[in-house]
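First the structure, in the form of structure tokens, and then the observations on it.
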Protein chains: 2
Amino acid sequence: MKYYLILTLKEIALLGAIENKIEISSDELANKINSSQQTASRYLLELDKKNLINREFGIKKQIIRITTEGKKILEHEYVDFERIFNLSDKIYFKGNVISGLGEGRYYTEQSSYKKQFIDKLGFKPYPGTLNVKIEYIEKNKLRLLKDNRAIIIDEFKADNRTFGSVRCFYARINDIDGAIVLPLRSHYSQILEFISPTYLREKLNLKDDDEVNITIFLKGKIED
Amino acid sequence: MKYYLILTLKEIALLGAIENKIEISSDELANKINSSQQTASRYLLELDKKNLINREFGIKKQIIRITTEGKKILEHEYVDFERIFNLSDKIYFKGNVISGLGEGRYYTEQSSYKKQFIDKLGFKPYPGTLNVKIEYIEKNKLRLLKDNRAIIIDEFKADNRTFGSVRCFYARINDIDGAIVLPLRSHYSQILEFISPTYLREKLNLKDDDEVNITIFLKGKIED
DNA sequence: ATTACTAGTAAGCGAGTAT
DNA sequence: TATACTCGCTTACTAGTAA
């Protein structure tokens with residue numbers, strides 16, 4: 001999607017063309033977007049061709065309305081900005097499923113961990129963790145998980161060893177709710193470990209390397 | 001402001017660069033914005049030059065943080081989208097002050113109008129109206145004023161004639177609160193008439209042709 | 001009036017590469 | 001590893017103008 005088309009669509013939307021048809025000439029639009037009449041005309045042609053706007057021609061000017069498809073593009077932009085400014089309480093990651101070494105199962109089956117998961121997260125995790133390697137570039141967001149609103153799972157001793165404290169956040173992977181599990185003093189790797197009441201690989205039909213979207217909820221319960 | 005710079009800034013912000021410094025290479029950014037490494041590099045240079053981001057160079061990659069100025073630009077975009085999607089209850093107009101023919105004073109001084117303004121709008125209008133000619137292109141928004149949430153001032157008879165019903169909306173001109181007055185069956189002209197408790201030309205230091213911003217509140221009281 | 005084509009010019013792009 | 005320069009190519013611009 002070309003940036004100048006988004007900009008133009010936005011300007012048209014600002015004039016009310018999502019709810020209503022608006023009457024506008026290419027020259028008027030040109031003023032709004034700081035271009036020539038010819039460029040505005042070309043943009044309108046492009047938007048029309050891409051089915052982002054509908055056009056009717058009166059005797060003068062044109063009657064324009066943004067299509068559902070056009071609205072979607074603007075909504076997508078809007079959501080981005082919401083994430084930037086409003087969402088200190090949600091973080092989005094994109095990543096790919098990878099296989100762990102099976103230790104996930106060993107840990108989640110430790111009865112003391114299990115008990116705490118039930119008490120503090122409110123669900124009994126399916127044995128094992130789903131490991132997701134987040135896109136390298138997204139690792140910048142990991143620092144947001146230093147957030148102190150984490151749910152703390154306390155350390156304990158069993159089997160003659162110590163199982164370390166773990167920090168959790170409610171999270172959603174694709175459509176399924178669960179939690180992210182972070183070892184207390186992991187130096188943030190690129191791997192996120194996800195637990196959930198159900199067997200995710202089956203439920204979400206996941207194979208290694210499949211792309212998944214993760215939403216982490218920094219505070220409180222999962223909402224909709 | 002070139003729109004591709006805004007979109008690039010947005011991508012950087014999505015990675016958390018408003019609150020924190022983030023580490024990113026031009027190549028990584030290139031992936032995010034779907035361009036070549038060279039283009040991403042160029043964009044970063046431009047953003048830096050325009051003081052929208054700060055950059056530090058590590059041994060590898062660069063440490064980036066969005067400046068206050070950069071944040072402002074993103075906020076401005078965000079507000080635009082809010083207007084598009086959230087604001088069925090506010091409409092913004094830009095226009096220029098023009099002189100009326102003095103009839104505004106005659107009408108606002110009619111005791112029955114005056115009484116209703118006090119009762120229904122909650123203030124006693126300064127005699128006269130401030131007339132604002134809205135930008136031609138913005139006239140598309142006028143249909144939003146057909147909205148049925150208007151405050152209706154009833155018609156009445158006096159001086160051997162009938163004074164027609166009038167529709168009002170709470171509104172703000174620059175920083176001053178008041179209301180917009182619309183004759184019931186005006187075929188929307190490009191002129192908005194504004195009333196307020198104070199003498200606006202003085203308070204806002206307005207001369208003919210000065211540009212003003214008008215916010216019309218479609219429902220309820222003026223908020224902040 | 002207004003739209004949009006043509007054509008010449010300017011801006012933007014990315015492969016190659018120096019640093 | 002990186003960043004960012006040069007340069008040839010492509011895309012996008014606007015003035016002029018036909019419809």
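Owing to the predicted nature of the structure, the values given are computational and were not obtained by experimental measurement. Lettering of chains follows the sequences in order, A, B, ..., and the numbering in each one begins at 1.
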Modelled atom types, side-chain donor and acceptor of A/Thr129 and A/Asn131, under 3.5 Å: yes
B/Lys10/A/Glu77 ion pair, N-O < 4.0 Å: yes
Euclidean distance, atom CZ of residue A/Phe57 to atom P of C/dT2 [Å, nearest integer]: 13 Å
Between C1' of C/dT2 and CD1 of A/Ile63, the distance in whole Å: 13 Å
Contact boundaries on DNA chain D for chain B, cut-off under 4.0 Å to non-hydrogen atoms: D/dA2 to D/dC5
Aromatic plane relationship, A/Tyr113 with A/Phe163 - under 30° parallel, 30 to 60° tilted, over 60° perpendicular: perpendicular
A/Met1 side chain near A/Lys50 side chain, heavy-atom distance below 4.5 Å: yes
Distance, rounded to the nearest Å, where A/Ile24 contributes CD1 and C/dA1 contributes P: 18 Å
Touch class at under 4.0 angstrom, heavy-atom based, for B/Gln62 against every strand present: sugar-phosphate
Flag side-chain contact, heavy atom, 4.5 Å: B/Ser196 against B/Ile173: no
Side chain proximity check, B/Tyr78 to A/Glu82, heavy atoms < 4.5 angstrom: yes
Those residues of residues 38-50 of chain B lying under 4.0 Å from DNA chain D by at least one heavy atom: B/Gln38, B/Ser41, B/Leu45
Closest approach of B/Asn174 to B/Val212 (non-hydrogen atoms, all atoms of both residues): OD1-CA, 3.5 Å
Close side-chain approach of A/Ile64 to A/Leu29, heavy-atom, < 4.5 Å: no
Full working for side-chain contact (heavy atoms from CB on, under 4.5 Å) between A/Arg201 and A/Ser99: CA-CA 11 Å; A/Arg201 283 189 178 251; A/Ser99 285; 3.7 Å; yes
Contact nearer the 5' end of DNA chain C, comparing A/Ser26 with B/Gln37: A/Ser26
Contact residues, residues 3-12 of chain B to DNA chain D [heavy atom, < 4.0 Å]: none
Separation between CG of A/Leu52 and NZ of A/Lys72, rounded to the nearest 0.5 Å: 11.5 Å
A/Glu28 CD - C/dA1 C1' separation (whole Å): 12 Å
Step-by-step side-chain contact (heavy atoms from CB on, under 4.5 Å) determination, B/Leu204 to B/Asp210: CA-CA 10 Å; B/Leu204 292 172; B/Asp210 281 355; over 6 Å; no
